[in-house]
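Read the numbers this way: they start at 1 and go in the same order the structure lists the ligands and their atoms. Owing to the predicted nature of the structure, the values given are computational and were not obtained by experimental measurement. Along the sequence shown, the residues carry numbers beginning at 1.
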Amino acid sequence: MDIGAVNALSYEDFVNIFGNVVEKCPIITAAVWSRRPFGNLNALETAINEFIDELPESGKEGILRCHPDLAGRDLQSGTLTRESREEQARAGMDALSPGEAARMARLNEEYKKRFGFPFVICARMSDKNTILQQLSERRLHELPVERARGIEEVKKICRVRLQSLVLSDAPNKL
Ligand SMILES: NC(=O)NC1=NC(=O)NC1=O
């Protein structure tokens, strides 16, 4: 789909297609629809990032809380969204050794207990070892630093999801 087709979508189709570019936060997609037409993919991504940046800290923490744990309950029970399932599988989260899985679960719980939101990383730009190393390191950060870091990762996940939906090299036909 090129950016011209994106701009021509009805509100319903726009949210149906792009509603999960930020995990389980269709409100963001619903909000940025008003900013069409988008000159290119980057403009759509920028509109989403600006909406996120304008949120109060509580809103940013809410976005982080909408993310499933890596290798967590949702993965085990098969209740991940399609996007998360694919991302987590590609990062090897569904193929951890018992020891790795136990370490992941322990560190995820420790992280969530400290910050009140889950550890979020763009799995598509990472791998099993990096994820474990980042989780181990980032859990020691201060809250403001980690909240900002998590939102950076949310934006990366959004970019990857957008790129799989919109042809970024097709110029707008406006
Ligand atoms: N807690 C997470 O980081 N979750 C995820 N990162 C991804 O890239 N996909 C997810 O589901």
Side-chain angles (χ1 to χ4, degrees), residues 15-30 32 41-42 44-49 51-53 55 57-166 168:
V15 173
N16 282 340
I17 294 167
F18 296 98
N20 203 45
V21 290
V22 177
E23 181 71 1
K24 298 189 180 168
C25 291
I27 184 176
I28 299 176
T29 307
V32 303
L41 172 64
N42 193 47
L44 172 53
E45 182 183 343
T46 301
I48 292 169
N49 290 346
F51 180 90
I52 294 173
D53 290 340
L55 290 173
E57 302 308 3
S58 59
K60 290 171 183 160
E61 292 183 6
I63 289 175
L64 293 168
R65 291 186 193 115
C66 288
H67 284 71
D69 282 353
L70 288 163
R73 264 193 297 278
D74 283 339
L75 177 70
Q76 311 307 335
S77 60
T79 51
L80 286 175
T81 59
R82 177 182 56 76
E83 296 90 341
S84 283
R85 188 174 62 250
E86 286 168 10
E87 289 154 354
Q88 295 208 27
R90 284 177 68 149
M93 292 294 106
D94 57 352
L96 299 178
S97 69
E100 290 168 332
R103 184 156 180 259
M104 194 80 199
R106 179 174 56 77
L107 291 174
N108 266 329
E109 282 320 301
E110 193 180 312
Y111 182 101
K112 231 184 293 190
K113 191 156 170 263
R114 178 177 168 87
F115 297 113
F117 50 78
F119 170 75
V120 177
I121 190 168
C122 181
R124 289 283 295 275
M125 297 181 187
S126 197
D127 59 42
K128 178 176 70 174
N129 296 325
T130 310
I131 287 172
L132 273 162
Q133 180 258 333
Q134 284 287 300
L135 173 50
S136 177
E137 257 178 45
R138 286 174 45 189
R139 70 195 159 102
L140 304 174
H141 285 165
E142 293 305 314
L143 172 61
V145 169
E146 208 30 48
R147 183 195 297 125
R149 186 79 175 76
I151 288 297
E152 267 175 48
E153 293 301 314
V154 167
K155 290 177 179 176
K156 288 180 195 171
I157 296 168
C158 176
R159 181 183 313 138
V160 165
R161 292 183 179 184
L162 277 173
Q163 283 170 349
S164 69
L165 290 165
V166 181
S168 51

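- Note on Arg114 versus Glu110: no salt bridge recorded, every NZ/NE/NH1/NH2 to OD/OE distance being 4.0 Å or above.
- Looking only at protein heavy atoms, the nearest one to atom 5 (C) of ligand 1 is Leu70 CD2, 3.8 Å.
- Residue Asp74 comes nearest to Pro68 through the heavy atom pair OD2-CB, 3.5 Å, listed as atom of the first residue, atom of the second, then distance.
- Counting all heavy atoms, side chain and backbone alike, Leu55 lies closest to Lys60 at O-CE, 3.4 Å.
- At a heavy-atom cutoff of 4.0 Å, ligand 1 is contacted by both the backbone and the side chain of Pro68.
- The heavy atom nearest to atom 8 (O) of ligand 1, considering only Ala123, Gly150, Ala71, is found in Ala123.
- Contact annotation: for Glu23 versus ligand 1, there are no heavy atoms closer than 4.0 Å.
- Checked by distance only, ligand 1 and Cys122 stay at 3.5 Å or farther apart across all their nitrogen or oxygen atoms.
- Considering backbone and side-chain atoms together, Asp69 places no N or O closer than 3.5 Å to any N or O of ligand 1.
- Between Glu87 and ligand 1, a contact under 3.5 Å exists for at least one N or O pair.
- Short contacts between ligand 1 and Ser84, defined as distances under 4.0 Å to a heavy atom of the residue, involve ligand atoms 10 (C), 11 (O).
- Residue Val120 touches ligand 1 through backbone and side chain together, judged by heavy-atom distances below 4.0 Å.
- With respect to atom 6 (N) of ligand 1, the closest heavy atom belonging to the protein is Ile121 O, 2.9 Å.
- Looking at every heavy atom in both residues, Leu70 comes nearest to Asn108 through O-ND2, 3.2 Å.
- Side chains of Leu143 and Phe117 form a contact here, defined as non-hydrogen atoms less than 4.5 Å apart.
- Ligand 1 has no nitrogen or oxygen under 3.5 angstrom from a nitrogen or oxygen of Ile157.
- Considering Arg139, Arg149, Glu153 in turn, Arg149 is the only one that fulfils the side chain to side chain donor-acceptor pair (under 3.5 Å) rule with Gln134.
- Ion pairing between a basic and an acidic side chain is recognised when a charged N comes within 4.0 Å of a carboxylate O; Glu152 and Lys156 show no such pairing.
- Salt bridge present: Arg65 and Glu61 bring a charged side-chain N and a carboxylate O closer than 4.0 Å.
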